[in-house]
Amino acid sequence: MISFVGRVEKDVEPPHLSGEELFHVVSEYGDIVFGLQSGKQKFPGFGLTHN
Amino acid sequence: MFTIKSDHGLSEAGYDKIIEWERSILPEGNRLKENFYAAKSMMKPLGLGYQKIDLCPNFCMLYYLKNAELTECMTCGHSRCKPRTGRGKTIVAYKKLRYFSITPRLQRLFMSPRTVEHMTWHQSHHGVDGEMVHLSDGEARKHFNSVHPHFSAESRNMCLGLCTNEFNPFRSFAAPYSCWPVILTIYNLPPGICMRPEFMFLSMVISGPSCPGQNIDVCLRPLIDELMQLWSSGALTYDISRKSNFVMRAALMWTINDFPAYEMVSCWSTHAKLAFPYYMENNKAFTLTNEGKTSFFDCHRHFLPLNHRYKKKRK
């Protein structure tokens with residue numbers, strides 16, 4: 001069981017990415033084929049580094 | 001009569017009956033149109049119109065620009081039009097997208113003396129420090145102005161917001177139908193009139209019955225093209241208050257959705273641990289040991305500054 005009592009938060013705030021930085025990250029994932037019949041398309045790292 | 005019909009939801013048959021009665025009491029030779037269809041035909045040139053674009057029923061592609069002449073989908077091979085039945089010569093597409101071009105609607109705001117005075121309110125008003133009465137007082141907008149000084153130098157340039165959400169035109173217990181209106185709002189206007197229906201422009205209607213899902217990007221293509229054109233080169237617009245032309249540019253500042261629609265617009269799943277499209281993998285979600293569910297409990301404290309007292313709170 002996870003306990004939160006007495007836990008001290010030591011991590012800092014995650015970085016604020018600008019629009020260009022976000023676009024740069026997202027553009028590395030590659031293109032998908034649009035359409036309801038093209039099925040689910042997942043790139044490597046789904047759920048770990050991207051969603 | 002058109003205004004009365006739309007304001008009170010008068011049926012077409014009711015409209016025709018009233019017109020029939022009015023024509024009977026008017027003298028001979030009057031020019032009152034005989035029915036709703038004739039009146040609508042007369043009023044049509046005054047409207048700004050819309051464009052019908054054929055769409056693959058599986059949301060694979062739009063029959064638009066260089067693909068306008070295709071007869072079947074390039075991805076799934078689905079036919080563009082329904083097969084002809086009987087003697088009818090009309091060709092009917094399986095699915096159509098109705099697109100209302102935004103540029104003439106924005107230009108019209110500068111042609112009316114009643115609306116043009118409000119179009120520069122976002123830069124002319126003087127807010128109180130520490131109070132935010134409009135989005136132009138926010139830090140995001142000030143940062144945008146500093147990054148794009150050429151855009152912000154012209155106060156008549158437009159700042160837009162894009163809103164979309166699922167809408168069922170029928171009752172929820174009736175046949176399920178997922179219709180997606182896309183609405184553009186103008187953040188140049190003061191808060192009192194910013195959200196009035198006459199200043200919220202319906203840009204397109206994505207018809208159902210199925211939800212487009214992440215394929216909504218296919219349908220948004222004409223709007224994105226027009227917004228890109230308004231951002232890069234702008235549109236020549238007449239300003240009636242200054243009696244001169246200027247090049248109006250527009251920027252899409254925000255998109256406004258609920259969380260499920262956010263998944264569709266951003267193409268980033270809002271489920272599981274990486275539910276935030278902005279912070280991506282930089283969050284501290286965890287899975288409950290016995291339930292197997294994702295939890296975001298106590299994930300907010302690492303957003304606090306280092307010297308905040310809640311960082312070290314032990315109870």
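Below, chains carry the letters A, B, ... as their sequence lines are ordered, and counting in each starts from 1.
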[Y] and [X], any side-chain heavy atoms less than 4.5 Å apart:
{"X": "B:Tyr278", "Y": "A:His16", "value": "yes"}
{"X": "B:Asn283", "Y": "A:Pro14", "value": "no"}
{"X": "B:Arg301", "Y": "A:Asp11", "value": "no"}
{"X": "A:Val12", "Y": "B:His302", "value": "no"}
{"X": "A:Leu48", "Y": "B:Lys273", "value": "no"}

How close do A:Leu36 and B:Ser210 get, counting heavy atoms only, and between which atoms?
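What the structure gives for the nearest pair is CD1-OG, 3.9 Å.
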
Quick one: sort the A:His50 and B:Trp268 rings into parallel, tilted or perpendicular, breaks at 30° and 60°.
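Because their plane-to-plane angle is over 60°, the rings of A:His50 and B:Trp268 count as perpendicular.
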
Part of [X] within contact of chain A (heavy atom distance under 4.5 Å):
{"X": "B:Cys299", "answer": "neither"}
{"X": "B:Ser295", "answer": "neither"}
{"X": "B:Pro305", "answer": "neither"}
{"X": "B:His271", "answer": "backbone"}
{"X": "B:Tyr279", "answer": "side chain"}

Using a strict 4.0 Å threshold on nitrogen-to-oxygen distance, state whether A:Glu9 and B:Lys284 make a salt bridge.
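Here A:Glu9 pairs with B:Lys284 in a salt bridge, since their nearest N and O are under 4.0 Å apart.
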
Any donor-acceptor pair under 3.5 Å linking the side chain of B:Asn58 with the backbone of A:Gly35?
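Such a contact is absent between B:Asn58 side chain and A:Gly35 backbone.
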
Between A:Leu17 and chain B, which part of the residue has a heavy atom less than 4.5 Å away: side chain, backbone, both or neither?
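Both parts, backbone and side chain.
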
Among B:Asp217, B:Leu274, B:Thr75, residue most engaged with chain A (heavy-atom pairs, under 4.5 Å)
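The option with the most such pairs is B:Leu274.
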
Check the pair B:Met280 / A:Leu22 against side-chain contact (heavy atoms from CB on, under 4.5 Å), numbers first and verdict last.
CA-CA 10 Å; B:Met280 297 193 277; A:Leu22 269 176; 3.5 Å; yes

Can you tell me how far apart [atom1] ([X]) and [atom2] ([Y]) are? Round to the nearest 0.5 Å.
{"X": "A:Ile32", "Y": "B:Gln214", "atom1": "CD1", "atom2": "CD", "answer": "6.0 Å"}
{"X": "B:His78", "Y": "A:Gln37", "atom1": "NE2", "atom2": "CD", "answer": "7.5 Å"}
{"X": "A:Phe34", "Y": "B:Cys219", "atom1": "CZ", "atom2": "SG", "answer": "10.0 Å"}

Does [X] have more than 12 heavy atoms from other residues, nucleotides or ligands lying within 6.0 Å of its [atom1]?
{"X": "A:Asp31", "atom1": "CG", "result": "no"}
{"X": "A:Phe23", "atom1": "CZ", "result": "no"}
{"X": "B:Met132", "atom1": "CE", "result": "yes"}
{"X": "B:His143", "atom1": "NE2", "result": "no"}
{"X": "B:His308", "atom1": "NE2", "result": "yes"}

